[in-house]
Amino acid sequence: MPTTPFTHQQTPIPSPVYSRINVGNFMARLLVEIECREQWKGQMSVLYNRALKGS
């Protein structure tokens, strides 16, 4: 199943909207991509789905 566009923020905003597939994708990227892991090391990431154009 393909992921949908999403963003990650350092500071949570009220009522995050996310999908489990995007959370899993981001977790996998943290394991595999050294640059991603270093960028988010020691920080709290919160995922938010981006609104798709035309919806």
Asks: For I34, give me all partners under side chain to side chain contact (heavy atoms under 4.5 Å, CB included), at least two apart in sequence or on another chain.
Replies: R37, E38
Asks: Give the table of side-chain donor-acceptor pairs shorter than 3.5 Å for residues 24-31, with sequence neighbours excluded, one pair per line with atom names and distance.
Replies:
residue : atom : partner : partner atom : Å
R29     : NE   : E33     : OE1          : 3.3

Asks: Considering all heavy atoms of both residues, which atom of L47 and which atom of V23 are nearest to each other, and what is their separation?
Replies: CD1-CA, 3.4 Å
